[in-house]
Amino acid sequence: MDRRHIVVLTGAGISAESGIPTFRGSGGLWFKHRIEDVATPEAFDRDPEMVLTFYNQRRAQLQSVEPNTAHKALARLEQGHRVSVVTQNVDNLHERAGSTNVLHLHGQLCRARSSADPDWAVDIGYGSIRMGQTCPLGSQLRPDVVWFGEPVPMMDAAREVVSTADVLMIVGTSLAVYPAAYLAHDAPPRAEVIVVDPEAQAGKIPGARIYRDKATLRVPLLVDELLG
Ligand code: NAD
């Protein structure tokens, strides 16, 4: 079997069957909150305690869910290929399933960062961030996640990874959040593009093979196919 570079772009849909709701699947509400009330810098300026509590709850919940067969199949794919996972998810289910090369475009729930210096961040596991906890510069800690309206520092690195794909597999993302959605079009012309999403729209990515299936059904089958 020839080793190829398989790039997998994932979104909230891959973790839905582990019990973490997507944004759009719940009618634009995320755990009963409007996204703009919890996932924007303005929300944090307005009510930091509420935003911290919301993310503390998400982090605590993450401890109680497990990677599903789609996450696990992608880890198994490393047995035969060079695999790069580029995820929009802030959960850690790819790593817990065994994937060793994961780029988090939108940050990670299990890390806290300085609100003054985006480059100062620490692992906090499943613990809480409290008001009054500060970085060495003295500014309040916040979740190390990219909120709507903020720059995406990992975007250039992600584009570089996708540009060398032999296969680009896109799983569980509405491709509605930018700039992440541009990555769907960054694979070289020779690359095969495969989309797995029950709501995938025909024609959104010209030439792509589309499977309107749940990730836990289709991703293990595709991994078997790629491993030959
Ligand atoms: P999204 O909510 O916009 O879209 C989710 C997509 O997943 C939809 O297209 C939906 O049809 C699909 N889907 C639902 N169930 C699925 C399943 N079982 N198998 C395969 N696909 C399924 O999510 P997004 O595109 O990732 O973008 C929204 C933003 O939400 C991202 O920036 C991400 O950071 C954030 N987010 C992350 C998490 C997480 O970390 N698990 C959860 C919610 C939102």
Side-chain angles (χ1 to χ4, degrees), residues 8-41 43 51 54-74 85-97 99 102-111 126 143-155 158 169-185 194-202 204-205 208-223:
V8 192
L9 173 64
T10 64
I14 196 169
S15 297
E17 291 168 86
S18 289
I20 305 178
T22 63
F23 275 169
R24 279 149 194 92
S26 41
L29 290 182
W30 203 27
F31 295 95
K32 303 197 176 116
H33 289 75
R34 291 189 324 148
I35 288 145
E36 50 275 34
D37 289 343
V38 287
T40 61
V51 172
F54 175 80
Y55 280 93
N56 288 342
Q57 289 166 350
R58 303 288 68 77
R59 201 176 301 109
Q61 186 215 16
L62 180 55
Q63 197 169 12
S64 68
V65 302
E66 297 293 333
N68 63 46
T69 53
H71 298 106
K72 289 178 189 164
L74 294 176
V85 176
V86 176
T87 188
Q88 296 167 78
N89 295 344
V90 295
D91 67 49
N92 58 5
L93 295 179
H94 283 300
E95 288 89 343
R96 281 164 55 193
S99 285
V102 184
L103 184 155
H104 283 270
L105 260 188
H106 294 158
Q108 302 183 55
L109 260 183
C110 293
R111 289 171 67 80
Y126 299 104
D144 188 18
V145 302
V146 175
W147 284 324
F148 288 95
E150 293 189 316
V152 182
M154 295 304 285
M155 195 59 202
M169 198 192 298
I170 302 173
V171 184
T173 169
S174 60
L175 298 174
V177 175
Y178 285 85
Y182 291 126
L183 294 171
H185 303 280
I194 306 171
V195 177
V196 180
D197 192 306
E199 313 251 322
Q201 291 165 30
K204 198 159 185 179
I205 307 167
R209 241 162 95 188
I210 295 183
Y211 293 98
R212 288 193 188 84
D213 291 327
K214 291 188 168 181
T216 57
L217 170 82
R218 182 55 58 181
V219 174
L221 297 175
L222 288 169
V223 166

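Just so we're clear, the structure is a prediction, and the values are computed from it rather than from any experiment. Read the numbers this way: they start at 1 and go in the same order the structure lists the ligands and their atoms.
Residue H106 has at least one nitrogen or oxygen atom sitting less than 3.5 Å from a nitrogen or oxygen atom of ligand 1, judged on distance alone. At least one N or O atom of D91 sits closer than 3.5 Å to an N or O atom of ligand 1. In terms of polar-atom proximity, P198 is not counted as a contact of ligand 1, lacking any N or O under 3.5 Å from an N or O of the ligand. On a distance-only criterion, A16 and ligand 1 share no N/O pair closer than 3.5 Å. Residue-to-ligand polar distances keep V171 apart from ligand 1: every N/O pair is separated by 3.5 Å or more.
Looking only at protein heavy atoms, the nearest one to atom 12 (C) of ligand 1 is D197 OD2, 3.2 Å. Of the protein's non-hydrogen atoms, the one nearest atom 18 (N) of ligand 1 is E17 OE2, 2.8 Å. Looking only at protein heavy atoms, the nearest one to atom 30 (O) of ligand 1 is F23 CE1, 3.1 Å. Distance from atom 27 (O) of ligand 1 to its nearest protein heavy atom, with residue and atom name: V177 CG2, 3.6 Å. In terms of protein heavy atoms, atom 13 (N) of ligand 1 is closest to G13 CA, 3.6 Å. The protein atom (non-hydrogen) at minimum distance from atom 19 (N) of ligand 1 is A215 N, 2.8 Å. In terms of protein heavy-atom proximity, atom 40 (O) of ligand 1 is closest to V90 N, 2.8 Å. The protein atom (non-hydrogen) at minimum distance from atom 3 (O) of ligand 1 is R24 NH1, 2.4 Å.
Within the model, atoms CG of L62 and CZ of R96 stand 5.5 Å from one another, a figure rounded to the nearest 0.5 Å.
Every atom of ligand 1 with a heavy atom of S174 under 4.0 Å away is listed here by number and element: 1 (P), 3 (O), 4 (O), 6 (C), 9 (O), 25 (O). Which parts of ligand 1 touch T22 is read off a 4.0 Å heavy-atom cut-off, strictly below it: atoms 2 (O), 5 (C). Near G11, meaning under 4.0 Å from any of its heavy atoms, are these atoms of ligand 1: 26 (O). Annotation for ligand 1: atoms under 4.0 Å from non-hydrogen atoms of I20 are 41 (N).
Applying the 6.0 Å contact sphere to OH of Y126 captures more than 12 heavy atoms from other residues, nucleotides or ligands. Atom NZ of K214 has 12 or fewer neighbouring heavy atoms from other residues, nucleotides or ligands inside a 6.0 Å radius.
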For the pair T216 and N68, evaluate side chain to side chain donor-acceptor pair (under 3.5 Å) and give the outcome as yes or no after the intermediate values.
CA-CA 7 Å; T216 57; N68 63 46; over 6 Å; no

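Ligand 1 has no atom lying under 4.0 Å from any heavy atom of A176. Using a 4.0 Å cutoff on heavy atoms, P21 counts as a contact of ligand 1.
Side-chain atoms of T10 and N89, non-hydrogen and from C-beta on, do get closer than 4.5 Å to each other. I205 is listed as a side-chain neighbour of L175, based on a closest heavy-atom distance under 4.5 Å. In this structure, the side chains of D144 and Q108 stay at 4.5 Å or more apart for every pair of heavy atoms. Counting heavy atoms from C-beta outward, H104 and V90 have side chains that stay 4.5 Å or more apart.
The aromatic rings of Y55 and W147 sit tilted relative to each other, their planes meeting at an angle between 30° and 60°.
The minimum heavy-atom distance between V51 and D37, with the atom names listed, is CG2-O, 4.1 Å. Contact record, T22 with A16: CG2-CB, 4.1 Å, taken as the closest heavy-atom pair. Nearest heavy-atom pair, I210 versus Q201, reported as atom, atom and distance to 0.1 Å: CD1-O, 3.8 Å.
Heavy atoms of N89 found under 4.0 angstrom from ligand 1 belong to the backbone as well as the side chain. The parts of A12 lying near ligand 1 are both backbone and side chain, judged by heavy-atom distances below 4.0 Å. Residue-level proximity to ligand 1 for T173 is carried by backbone and side chain together, each with a heavy atom below 4.0 angstrom.
Between atom 33 (C) of ligand 1 and the options H104, Q88, R212, E199, the minimum heavy-atom separation is to Q88.
Annotation: cation-pi geometry not satisfied between R209 and Y211 (NZ/CZ under 6.0 angstrom from ring centroid, within 45° of ring axis).
Evaluated for a side chain to side chain contact (heavy atoms under 4.5 Å, CB included) with I14, the options T87, L74, L93 yield exactly one hit, L74.
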